Novice: 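Take this structure first; my questions come after.
Just so you know, these numbers use all the heavy atoms, side chains as well, and skip hydrogens, waters and symmetry mates. Note that this is a predicted model, so its numbers are computed, not measured. Chain letters run A, B, ... following the sequence lines, proteins first, then strands; residues in each count from 1.
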Amino acid sequence: MAEIVRPVKGTQDYYPEEMAVRSWLYGRMRAVSEAFGYQEYDGPFLERLELYAAKSGEELVEKQSYVFEDRGGERVTLRPELTPTLARMVAARQKQMAFPLRWWSFGPFWRYERPQKGRSREFFQWNIDLIGDDSPEGDAELAAIAASFLRSVGLRPDESQILVNNRPLMQRELEALGIAAKQLGGVYRLIDRRDKLDVAKWEAMGKVIGLDKGQLAGLSQLLSDIELWKKSDSLKRFFDAIDAYGVNDMVRYAPTIIRGLDYYTGTVFEAWDTAGDFRSIFGGGRYDDLVNAVGGDPVPAVGFAVGNVVLTLLLEKLGHVPALGSTPAPVYVTLFDADSLTASLTLASELRVAGLNVTSHLSPDKLQKQFKQADRLGAKIVVILGPEEAAQGQVSFKELAGGEQQSVARGQAAAAIGRLLESAQGT
RNA sequence: GUGGGUGUAGCUCAAUCGGUAGAGCACCGCACUGUGACUGCGGGGGCUGCGGGUUCAAGUCCCGUCAUCCACCCCA
């Protein structure tokens, strides 16, 4: 036998069981998005490289993007994120649109990096953005959407938390410590490491980027001050709104949250599993300059993105993925023998016309085998049309869970099966 | 890009000091010629990732290579 061609590294095959999980997540995302009045949209999966050159993090564009030349010599990129596309789309129709826009999307993205736990090269992402609103209440709306979503997939406050900070606030505080503007990038990275490195290593890293002892001490103090948000009018209004949205059990201030991407300008947030088994579940925040950066007039915006990989791992670990029916159809019509092929197919067809979802067995195998297959597939009811039934104008059907079998006149079969399915669903 | 772990049946794994490659699950058959899930009995399945080396002898030791996982970097 020839060797099976390997899939591309870092991609995932979605067999029906995995696809059911992805579709379920998509359904929850859609429900929450629509509950808050957001509209679905999408952009192309291919973009010009220059779109990302404008504003994304250098690492993301230079090292982690799939870039290639198409047959016409154009340098194109498999989109590594959606936000620049969104900014481009908004900029293109800016003059004719009614702001604020509330938009959401779910689709595939690609990043060329080494696969590991929670990270793959091809993944799916939910993006949701509020464009054209610059209020802290807008920030809070996105955090509330995020919290509602986490709840809707079964995550409790003790399992997952949304951590919030504000970049202007941090910038003011860092400047007060005498940290120069050009040091900010390095300091942000240092802040991001706060929980990853031990104290000695963390301080060593601080010295490398040019912080003196007093500044390090001040920074440490800053990063343990969970009351720091009270110095920010923006965050005060944010948390008032969070209370109003009824999600304050899932959203809290954390001075160590700063975010890596360059384009965030205001409030930023991330969701984490409280057990700390995984990397962040999602991240987002305010980006007021991005539409401007791709050629439009300045428009304030806030949004976040949720990848499916970490989220799925976490939900599986916590047992929150529901038992999803990968059942193709609840009704399975057997084929008694080769001679009854036409009769069986016709029966199945009649049942479908009556509104039932029906799988037909296509080869005249032993009934034993057919029942076994029906059971494995997860069918609820198996239908038999054999010589006895045919002679009496009847159809037999058996409910697999209960094991009870009955026969009814053929004309009433669909109705009887439908009733049985409904009562089975009720239990 | 850097560092580490692991590759044995379809899946999960075992194999003592280097000495003829095994179990559970799954699959197939029979008990049961009109009935699944449960039970009993039986059966098929392996280039031990690949290539080389050491040895009387390699799944086991050594080198290389590929794949995969984990960590770093970065990030959904």
Novice: OP1 or OP2 of B/rC70 less than 4.0 angstrom from a side-chain nitrogen or oxygen of A/Q116, does that happen here?
Specialist: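 Answer is no, no contact under 4.0 Å.
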Novice: Would you indicate what A/G284 reaches in the nucleic acid, counting non-hydrogen atoms under 4.0 angstrom: base, sugar-phosphate, or nothing?
Specialist: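 It contacts nothing in the nucleic acid.
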Novice: NA contact type, A/S280, heavy-atom cut-off 4.0 Å: base, sugar-phosphate, or nothing?
Specialist: sugar-phosphate
Novice: Could you measure between the two P atoms, the one in B/rC62 and the one in B/rG18, and give it in whole Å?
Specialist: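 So the two P atoms sit 11 Å from each other.
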Novice: Please identify which of these residues, A/W126, A/Y41, A/F124, meets the ring pair (Phe, Tyr, Trp, His ring centres under 6.0 Å) condition with A/F106.
Specialist: A/F124
Novice: Quick one: do the A/N127 and A/Q125 side chains pair a donor with an acceptor below 3.5 Å?
Specialist: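 A pair is found: one side chain offers a donor N or O, the other an acceptor, under 3.5 Å apart.
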Novice: Once you round it to whole Å, what is the distance between P of B/rC28 and CG of A/D365?
Specialist: 11 Å
Novice: Partner lookup for B/rG19, please. Criteria are Watson-Crick or G-U wobble with both distances under 3.5 angstrom; report none if nothing qualifies.
Specialist: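 B/rG19 is paired with B/rC56.
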Novice: Can you tell which of B/rU35, B/rA37, B/rA76 lies closest to the side chain of A/Y264?
Specialist: B/rA76
Novice: Please state the P separation for the pair B/rA9 and B/rG53 - nearest whole angstrom.
Specialist: 25 Å
Novice: With rounding to the closest Å, how many angstrom separate the C1' atoms on B/rC72 and B/rU12?
Specialist: 30 Å
Novice: Tell me what A/E388 touches on the nucleic acid: a base, only sugar-phosphate, or nothing, going by heavy atoms under 4.0 Å.
Specialist: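 Here A/E388 touches the bases of the nucleic acid.
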Novice: Which listed nucleotide (B/rG36, B/rG34, B/rA71) is nearest to the side chain of A/R114?
Specialist: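 The answer is B/rA71.
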Novice: If you look at every strand shown and take non-hydrogen atoms under 4.0 Å, does A/R121 touch a base, only sugar-phosphate, or nothing?
Specialist: nothing
Novice: Could you let me know what B/rG45 is paired to, Watson-Crick or G-U wobble, both distances under 3.5 Å, or none if it's on its own?
Specialist: none
Novice: Could you check which of B/rA37, B/rC70, B/rA76 has an atom nearest any side-chain atom of A/F123?
Specialist: B/rA76
Novice: What nucleic acid atoms does A/A305 come within less than 4.0 Å of, heavy atoms only: base, sugar-phosphate, or nothing?
Specialist: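 Here A/A305 touches the backbone only, sparing every base.
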Novice: Taking any heavy-atom pair under 4.0 Å as a contact, classify A/F336: base, sugar-phosphate, or nothing.
Specialist: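 It contacts base atoms.
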Novice: Over how many whole Å does the gap from A/F149 atom CZ to B/rA76 atom P extend?
Specialist: 16 Å
Novice: In whole Å, what is the span from the CH2 atom of A/W126 to the C1' atom of B/rA76?
Specialist: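 A/W126 atom CH2 is separated from B/rA76 atom C1' by 13 Å.
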Novice: Take atom P in B/rA71 and the same atom in B/rA15, then report the distance between them in whole Å.
Specialist: 27 Å
Novice: If the C1' atom of B/rU16 is compared with that of B/rC73, how far apart are they to the nearest Å?
Specialist: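 That atom pair is separated by 43 Å.
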Novice: Taking atom P of B/rU33 as reference, at what distance in whole Å does atom CD of A/Q368 sit?
Specialist: 8 Å
Novice: How many whole angstroms separate atom CZ of A/R376 from atom P of B/rG10?
Specialist: 16 Å
Novice: Please give the distance between the C1' atoms of B/rA14 and B/rA76 as a whole number of Å.
Specialist: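 Looking at atom C1' only, B/rA14 and B/rA76 are 39 Å apart.
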Novice: Looking only at the side chain of A/Q125 (C-beta and beyond, no hydrogens), which of the listed nucleotides B/rC70, B/rA76, B/rA37 gets closest?
Specialist: B/rA76
Novice: Do other residues, nucleotides or ligands put more than 12 heavy atoms under 6.0 Å from A/Y112 OH?
Specialist: no
Novice: Work out how far the P atom of B/rU68 is from that of B/rG49, and round it to whole angstrom.
Specialist: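 Taking atom P in both B/rU68 and B/rG49, they lie 16 Å apart.
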Novice: Does any N or O donor sit under 3.5 Å from an N or O acceptor when you compare the side chain of A/Q405 with the base of B/rG36?
Specialist: no
Novice: Rounded to whole angstrom units, what separation is found between the CG atom of A/L25 and the P atom of B/rA76?
Specialist: 18 Å
Novice: Within 45° of the axis and under 6.0 Å from the centre of the six-membered ring of A/Y66, does NZ or CZ of A/R111 qualify?
Specialist: no
Novice: State which of B/rA71, B/rC30, B/rG34 makes the closest approach to the side chain of A/K366.
Specialist: B/rC30
Novice: Check this for me: does the side-chain of A/Q64 come within 3.5 Å of the base of B/rA76 through a donor and an acceptor?
Specialist: no
Novice: State whether a side-chain donor-acceptor pair under 3.5 Å links A/Y253 with A/N165.
Specialist: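 A/N165 and A/Y253 do have a side-chain donor-acceptor pair below 3.5 Å.
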Novice: At under 4.0 Å between heavy atoms, what does A/E270 touch on the DNA or RNA strands: base, sugar-phosphate, or nothing?
Specialist: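 The answer is nothing, as A/E270 stays clear of every strand by at least 4.0 Å.
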Novice: Going by atom types alone, do A/T85 and A/E47 pair a side-chain donor with an acceptor below 3.5 Å?
Specialist: yes
Novice: Which part of the nucleic acid, if any, lies within contact of A/L311, taking any heavy atom under 4.0 Å across all strands shown: a base, the sugar-phosphate backbone alone, or nothing?
Specialist: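 Counting heavy atoms under 4.0 Å across all strands, no contact is made by A/L311.
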Novice: Of all the choices, B/rU35, B/rA71, B/rC28, which nucleotide is nearest to the side chain of A/K398 once you look at every atom?
Specialist: B/rU35
Novice: If you check every side-chain atom of A/K9, which of B/rC70, B/rA76, B/rU68 has the closest atom?
Specialist: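 It is B/rU68.
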Novice: Any donor-acceptor pair under 3.5 Å linking the side-chain atoms of A/E389 with those of A/S396?
Specialist: yes
Novice: If only side-chain N and O atoms count, and only distance matters, is there a donor-acceptor pair under 3.5 Å linking A/Y38 with A/E141?
Specialist: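 A pair is found: one side chain offers a donor N or O, the other an acceptor, under 3.5 Å apart.
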Novice: Using whole Å, what does the distance between atom P of nucleotide B/rC69 and atom CZ of A/R6 come to?
Specialist: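 So the two atoms are 12 Å apart, to the nearest Å.
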Novice: So which nucleotide from B/rG34, B/rA76, B/rG36 ends up closest to the side chain of A/F282?
Specialist: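 Shortest atom-to-atom distance from the side chain points to B/rA76.
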Novice: Applying the Watson-Crick and G-U wobble criteria at under 3.5 Å, what pairs with B/rU6? Answer none if nothing qualifies.
Specialist: B/rA67
Novice: For A/L367 and for A/P7, find the nucleotide of RNA chain B with the closest heavy atom, then tell me which residue's nucleotide is more 5'.
Specialist: A/L367
Novice: Using the P atoms only, state how far B/rC17 lies from B/rC32, rounded to an integer number of Å.
Specialist: 50 Å
Novice: Only pairs with both distances under 3.5 Å count, Watson-Crick or wobble alike; so what is the partner of B/rU39 in this structure?
Specialist: B/rA31
Novice: Quick one: on RNA chain B, does A/E122 or A/G386 contact a more 5' nucleotide (nearest heavy atom)?
Specialist: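 Result of the comparison: A/G386.
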Novice: Just the rounded figure in Å: distance from P of B/rA76 to CZ of A/R111.
Specialist: 5 Å
